[in-house]
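The structure appears below as structure tokens.
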Amino acid sequence: MNKVRITAMRQTVYRDLMAQYENPIQHACDIIVGQQWISINGQCPEGLCPSAWESMRGFVEKLARGEGNFFDGWMQNPMSAMISCNDGFRPFSFYIEVIE
């Protein structure tokens, strides 16, 4: 199986939605832009947010098996994907790609 690198690319924060709908919380996310993890055998890497993993798991598993070219040419690199976590207030975008 292929190894898959997961890179935290960008976080967007919707403060207006947070103010309107979210209960105040002290700490929501530990991820840092540029942080990387390696998935081996399509498994969740240690230290990756479980919620983010749920958003990308299917793509990582397929890439690990050598599948790719999602949505008929969506990505320039067919063995990659750009996936966001499911936090509607502060979503992080992750670039996932097969590595040697």
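Since we're looking at a predicted model, the values are computed, not measured.
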If hydrophobic clusters are built from ILVMFWY residues whose side chains come within less than 4.5 Å, do [X] and [Y] share one?
{"X": "I25", "Y": "I31", "result": "no"}
{"X": "L63", "Y": "W74", "result": "yes"}
{"X": "I99", "Y": "M75", "result": "no"}

Exercise. Would you mind listing every side chain to side chain donor-acceptor pair (under 3.5 Å) that reaches into residues 6-17, with sequence neighbours excluded?
Key: T7-Q36
Check [X] against [Y] and note the closest heavy-atom contact, atom names and distance.
{"X": "V33", "Y": "M9", "result": "CG1-O, 3.4 Å"}
{"X": "I83", "Y": "I96", "result": "CG1-CD1, 4.0 Å"}
{"X": "W37", "Y": "L48", "result": "NE1-N, 3.7 Å"}
{"X": "W53", "Y": "I6", "result": "CZ3-CD1, 4.3 Å"}

Check: [Y] and [X] side chains under 4.5 Å, non-hydrogen atoms:
{"X": "V98", "Y": "S80", "result": "no"}
{"X": "P45", "Y": "I38", "result": "no"}
{"X": "M82", "Y": "F94", "result": "no"}
{"X": "V13", "Y": "M18", "result": "yes"}

Quiz item: Looking at CE of M56 and CD of E54, how far apart are the two atoms once the value is rounded to the nearest 0.5 Å?
Solution: 10.0 Å
Quiz item: Out of curiosity, R57 CZ to S39 OG, how far, rounded to the nearest 0.5 Å?
Solution: 11.5 Å
Using the test ring pair (Phe, Tyr, Trp, His ring centres under 6.0 Å), find all partners of [X] that sit at least two apart in sequence or belong to another chain.
{"X": "Y21", "result": "none"}
{"X": "Y95", "result": "none"}
{"X": "F59", "result": "F70"}

Quiz prompt | Partners passing side chain to side chain donor-acceptor pair (under 3.5 Å) against S55 (at least two apart in sequence or in another chain) | solution = none
Quiz prompt | Criterion side-chain contact (heavy atoms from CB on, under 4.5 Å) on C49 and D30, from CA distance to verdict | solution = CA-CA 8 Å; C49 170; D30 291 325; over 6 Å; no
Practice problem: Please name all residues satisfying salt bridge (charged side-chain N to carboxylate O under 4.0 Å, His left out) with R65, sequence neighbours left out, ordered by chain then number. | Solution: E67
Do the side chain of [X] and the main chain of [Y] share a donor and acceptor less than 3.5 angstrom apart?
{"X": "D87", "Y": "R90", "answer": "yes"}
{"X": "Q20", "Y": "L17", "answer": "no"}
{"X": "N41", "Y": "Q43", "answer": "no"}

